[in-house]
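Below: one structure, written as structure tokens.
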There are 2 protein chains.
Amino acid sequence: MTTRARHPERREDALSRERIVGAAVELLDDKGESGLTFRALAAHLETGPGAIYWHVANKNELLAAATAAVLAPVTSAEATGTPQEVIRAVTVGVFDAIEAHPWVGAQLSANPTQPAVLRIFERIGWQVRALGVPPSARFTAASAVLHFVLGVGGQNAALARTLRGTTNRSDHLAAVSAEWADLDPDEFPFTRTVADELRDHDDRAQFLDGVDLILAGIVRLR
Amino acid sequence: MTTRARHPERREDALSRERIVGAAVELLDDKGESGLTFRALAAHLETGPGAIYWHVANKNELLAAATAAVLAPVTSAEATGTPQEVIRAVTVGVFDAIEAHPWVGAQLSANPTQPAVLRIFERIGWQVRALGVPPSARFTAASAVLHFVLGVGGQNAALARTLRGTTNRSDHLAAVSAEWADLDPDEFPFTRTVADELRDHDDRAQFLDGVDLILAGIVRLR
DNA sequence: ACCTGAACACCGTTCAAGT
DNA sequence: ACCTGAACACCGTTCAAGT
């Protein structure tokens, strides 16, 4: 009792920014982006919706904090090796985090002012410099990698949104693949030829191939 | 009177999918993404919100239709020249459309199942093939370009959202540039060095440089 | 066939009132 | 200082009722 009075933050049911953000991540993972509401979050924390506003300014800040929490291990992880290897490690770390928490992809591509994004940008840029890219081309090169990562992230978030509730991933890909194969040959000659690849492709491997492709272009800037 | 009875669709105030989509584009351009509500749209069309549902299934479909309407000239424009030139023309067309209608960027990156996106993908892929990329690498190469375009689109939409109501573009960029210059040198050495570039950089030129960089990487796949 | 607008089931956010 | 929960000002969407 005395202990509780002196350390109220130790009470298991005490609200804190940390607990709120943790519960938000859980809710987002379990129910998707539309599952995070202040009412659902408050119920989960056994309190009223207004209580959350004492610790968090608004929903945008909450989403940013949830994203930062999930991305923290990725942005702080030490990576060693060639610049190419480090960039691959950092970007695939973001990819994997988005795979595990698809809402992060939507959040990153919709709100790139996030501190987590700046940290990713910094790490990519530092390695671009190590690659020997002249100063005047570094900003463009680092931005290209970042935009690619954010683009893939948005795509994966959208896919996860589509998948939630309906069919599973491979059924869905098979259905889209069939759609592509059925497109008008005059209007979509290319898309038809890659319909088969879509069905069986490994998202993660293709992501890394994309990163390598951009890195090959960056190296040519030397 | 008789004419009206026989051709009611000619009445200027008659609702139609076309008029609804046009009004939606206007509202999105004028008031931003949050400005498009069924109530505001109905008021603009001098009707009730329910009337819109006779012509459009829901808000997602309306947003997709608005995006398609804005992107139609881009996806159907004829472009001639080398494969690189055509890819540059198509992608910068998307970039310009997003610049003029920032909500399109958010829509594309959040919902890449859009028919407009497939058409962009097709045009990029066809030129990738023309570049002499072997079949097994074409899907990855075309996807990389598309993801970069979508990533930039999302970023531009977010920037436009931030800019709406607050300061103008150059003031905002100057403020962010100053923030970057003030970052901890130990944590953000790279970002600090590009702070100056951010203030004066030409978004469109940087976008095209990014496309060229990826194209340089794609050419190396031959 | 097409339109009307009230009504339903939600939201994020605020704020007086409590402890 | 922190929590409560009713209330406010909205949403997208539905649907009986009209023409």
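Everything numeric here is computed off the predicted structure, so don't read it as measured data. In the text below, chain A, chain B and the rest are named by the order of the sequence lines, each starting its count at 1.
Following rounding to the nearest Å, B/Leu62 (CG) and D/dT13 (C1') show an atom-to-atom distance of 13 Å. If you measure from atom CD1 of A/Ile52 to atom C1' of C/dC11, you get 14 Å, rounded to the nearest angstrom. Rounded to whole Å, the distance from OH on A/Tyr53 to P on C/dG12 is 7 Å. What separates CZ of B/Phe38 from C1' of D/dG12 is a distance of 7 Å, to the nearest Å. Whole-Å rounding puts the A/Leu41 CG to C/dG12 P distance at 10 Å. Taking atom CD of B/Glu33 as the reference point, atom P of D/dG12 lies 13 Å away to the nearest angstrom. A/Arg17 has its CZ atom 14 Å from the P atom of D/dC2, to the nearest Å. Protein atom NE2 of B/His55 is 16 Å distant from nucleotide atom P of D/dT13, rounded to whole Å.
In terms of phosphate contacts, B/Trp54 brings a side-chain nitrogen or oxygen within less than 4.0 Å of OP1 or OP2 of C/dC2.
Pair check for D/dA17 finds none; no Watson-Crick or G-U wobble contact set falls under 3.5 Å. Across all strands shown, C/dC3 forms no Watson-Crick or G-U wobble pair with both distances under 3.5 Å. Pair assignment for D/dC8 gives C/dG12, based on Watson-Crick or G-U wobble hydrogen-bonding distances that are each under 3.5 Å.
A donor atom on one side chain and an acceptor atom on the other are found under 3.5 Å apart for B/Asp29 and B/Trp103.
Taking all atoms of both residues into account, the shortest heavy-atom contact from B/Ala157 to B/Glu33 is O-OE2, 4.3 Å.
Residues B/Arg39 and B/Ser16 each lie close to DNA chain C; by heavy-atom proximity, the contact nearer the 5' end of the strand is made by B/Ser16. Positionally, the nearest nucleotide of DNA chain D for A/Ala51 lies more toward the 5' end than for the other of B/Gly50 and A/Ala51.
Around atom CD of B/Glu61, more than 12 heavy atoms belonging to other residues, nucleotides or ligands sit under 6.0 Å away.
You'll find the side chain of B/Leu36 reaches within 4.5 Å of the side chain of B/Leu63, heavy atoms only.
Of the candidates D/dC11, C/dT13, C/dC11, the closest approach to any side-chain atom of A/Thr37 belongs to C/dC11. Residue B/Lys59 has its side chain nearest to D/dG12 when only D/dG12, D/dA6, C/dA6 are considered.
Partner B/Phe190 forms a ring pair (Phe, Tyr, Trp, His ring centres under 6.0 Å) with one of A/Phe139, A/Trp126, A/Phe121 and no other, that one being A/Phe121.
Contact annotation for B/Leu36: backbone-only contact, meaning every heavy-atom pair under 4.0 Å involves sugar-phosphate atoms and none involves a base.
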